[in-house]
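The structure appears right after this line, and notes come after that.
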Amino acid sequence: MLSQGLESRGEEDIDMAEKVRIGGWVSEIRSIGKIKFVVLRTPQGRVQLTLKKSEVPDELLSQIDDLTQESVIEATGFMSEKKIAKAVDMEVIPKSIVVHSTSERKLPLDPNWKTPALFPTRMNYRPLDLRRPEVQAIFKIETSFLRGVIDWLDSHGFLMVFTPAIIGAASESGAEVFEVKYFDKKAYLRQDPQLHRQLTIIGGFTKIYDVGPNWRAEPSHTARHISEFRSIAVEMAFISDEGDVMRVEEELLVAGLRRVLEERSKELELLNVDLDVPKTPFPELRFPEIYNILEDLGKEIPFGEDYDTESEKLLWRYAREKYGTDFLFINRFPFKTKPFYVMKAEDLWARSVDLLYKGEELSSGGQREHRYEVLVSQIREKGLDLNSLEWFTKFFRYGAPPHGGFAMGLERTVYKMLNLQNIREAALFPRDVERVLP
RNA sequence: GCCCGGGUGGUGUAGCCCGGCUAGCAUAGAGGCCUGUCGAGCCUCAGACCCGGGUUCAAAUCCCGGCCCGGGCGCCA
């Protein structure tokens, strides 16, 4: 039989005449002479068990003597008639206590956060770190955001699909991928579900999305990169141009943010985050005008070249001042800096769109090239090997609609939304160059 | 891949520049006192210089190497 969740069990029992059964992690134990307090972290909030020597059996009191912080216990008792404790959500007079698990006394980090632990310590002992309400808030918000996005996509006719995570050919330019042994062959973990989304479109599904993991073997040492991340990847057919893709992207973001505001006001408050639903459409800046804007901001980028990280920050502040938003589309990147599959707008510029959020790249996308001959000539232009991409390009010989899409990094979005110091905060068990455990 | 910074009790820090008494503080831990809330308080105890080599009468402190970690750039989500 499946064990019942603590949350539902507790709520049921409350209905039955103030008798409660409540389980949780011991957050504090205080002994004041002939009265003892145990504060639990529970799904219902912070719950104080109050044990007065005159009111509870001696066995219970001696049980408390051996209790340690972070042990897991379940108590049965009654709601206190008057709640004297101010700093907790509920006060309970226990009748019995079951100790499920005793924690060691010296903790590698303190979930009560009296002495804040450093980042590596937190990640080394992530399960204890996750017990902190502020940390849990991040993942509750993440879930609500994703749910809002998915509901929007579903209600707008997008089909949820799952494209493969193991791919037989390193996509594009042989960028940094993780190699895996695949029977007697080599295979790779996908860095993006991009190419298979396109093939799914060629398969006749005209509106799809794929939420799943991606891996990058880039040795990035920054606060905004992890080696494994989730993306919300959308692809749609019969678009008139990349603008259609941008409209979907901003609406889906708004739907996600709106859901967060609806469901997670407590968590936002806990994290001290002011969240607004941005106005649509988001402002859009295009190359080559970007060069002039940057020059006015004191940044010179050679014509035809990509901009850098500093430019992203400059453009954010520029857009904030001019349009009052943290979201900004950058369109028409130089074709030479983009992959072979993007559609050109003119010879030099691509229908290739990034979405910046508070100065960082949330997503990349745009319109893809669907014409076989053009695709092949772009592969030649990039100096790539036609044969190695044939597994992908050959399907374009049998009917491909105009299409486009984007991939939005989930952890990145949450990291920027909540003004976190590090993207790793938005991953339960982050993977990076230094870390694959726990 | 390139560059910068850092490793001191369980946790978090001071000390390092300018080498020298028993390595300071906070918090957590152990023990004691207290019948209400508070990050409760007070008293006692225990607990640390990443590893290896060098310089020196003397190294947490200076030098070299290693290991581990954080960040910036590049690349990207």
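We name chains A, B, ... by the order of the sequence lines, and we start the count at 1 in each one. Below, each value reflects all heavy atoms present in this structure, side chains not excepted, and no hydrogens, waters or symmetry copies.
- Contact check, A:Lys114 against B:A40: a side-chain N or O comes under 4.0 Å of OP1 or OP2.
- Here the side chain of A:Arg216 is nearest to one of B:C76, B:U27, B:G70, namely B:C76.
- Comparing the same atom, C1', in B:C4 and in B:G31 gives a spacing of 48 Å after rounding to whole Å.
- Taking the side chain of A:Thr309 as heavy atoms from C-beta on, and the options B:U35, B:G36, B:C73, the nearest nucleotide is B:C73.
- Looking at the side chain of A:Asp306, the nearest of the listed nucleotides B:G1, B:C76, B:U11 is B:C76.
- Taken from CG in A:Leu49 to NZ in A:Lys36, the straight-line distance is 13.5 Å, to the nearest 0.5 Å.
- Checking B:U27 for Watson-Crick or G-U wobble geometry (two distances, each under 3.5 Å) identifies B:G10 as its partner.
- Comparing atom distances between the A:Pro219 side chain and each of B:G12, B:G74, B:C76 picks out B:G74 as nearest.
- Base contact: A:Ile423 has a heavy atom under 4.0 Å from a base atom.
- The minimum heavy-atom distance between A:Glu235 and A:Arg197, with the atom names listed, is OE1-NH1, 2.8 Å.
- Looking at A:His221, its side chain has no donor and acceptor atom pair within 3.5 Å of the base of B:C73.
- The side chain of A:Ser364 sits closest to B:A77 out of B:U13, B:A77, B:G36.
- With salt bridges taken as basic N to acidic carboxylate O contacts below 4.0 Å, one links A:Arg131 and A:Glu70.
- A cation-pi arrangement, defined by a distance under 6.0 Å to the six-membered ring centre and an angle within 45 degrees of its axis, is present between A:Lys382 and A:Phe335.
- Between A:Glu411 and A:Arg230, at least one side-chain N (NZ, or NE/NH1/NH2) sits under 4.0 Å from a carboxylate O, which counts as a salt bridge.
- A:Glu91 has no carboxylate O lying under 4.0 Å from a charged side-chain N of A:Lys83, or vice versa, which leaves the two without a salt bridge.
- The side chain of A:Arg224 has B:C76 as its nearest neighbour among B:C38, B:C69, B:C76.
- Within 4.0 Å of A:Glu434, counting heavy atoms only, lie sugar-phosphate atoms of the nucleic acid but no base atom.
- Looking at the side chain of A:Ile35, the nearest of the listed nucleotides B:G70, B:G36, B:A77 is B:G36.
- Closest approach to the A:Thr222 side chain among B:G36, B:G74, B:G71 is made by B:G74 (side chain taken as heavy atoms from C-beta onward).
- Using a 4.0 Å cut-off, some side-chain N or O of A:Thr121 falls inside it from OP1 or OP2 of B:G12.
- Of all nucleotides listed (B:C69, B:A77, B:U35), B:U35 comes nearest to the side chain of A:Ile32.
- Rounded to a whole angstrom, the distance from the C1' atom of B:U22 to that of B:A60 is 15 Å.
- Residue A:Arg230 is classed as having no contact, given no heavy-atom separation below 4.0 Å to the nucleic acid.
- For the pair A:Phe229 and B:A77, the ring geometry qualifies as stacking, because the centroid separation is below 5.5 Å while the planes lie within an angle under 30°.
- No contact: A:Asp354 has no heavy atom under 4.0 Å from any strand.
- A:Glu104 comes within contact range of no nucleotide atom at all, as no heavy-atom separation falls under 4.0 Å.
- Counting any heavy atom pair closer than 4.0 Å across all strands shown, A:Ser363 reaches sugar-phosphate atoms only and no base atom.
- Nucleotide B:C2 has B:G72 as its partner under the Watson-Crick or G-U criteria, with both atom distances under 3.5 Å.
- At the heavy-atom level, A:Ala223 lies under 4.0 Å from the strands shown only through sugar-phosphate atoms.
- The gap from the P atom of B:G12 to that of B:G65 amounts to 28 Å, rounded to the nearest Å.
- In the set B:G70, B:A28, B:G1, the nucleotide with an atom closest to the side chain of A:Gln69 is B:A28.
- One cannot find a donor-acceptor pair under 3.5 Å joining the base of B:C34 and the side-chain atoms of A:Arg30.
- Side-chain nitrogen and oxygen atoms of A:Lys106 include none within less than 4.0 Å of the OP1 or OP2 phosphate oxygen of B:A28.
- Seen from the ring of A:Phe333, A:Lys338 counts as a face-on cation partner, given the 6.0 Å and 45° thresholds.
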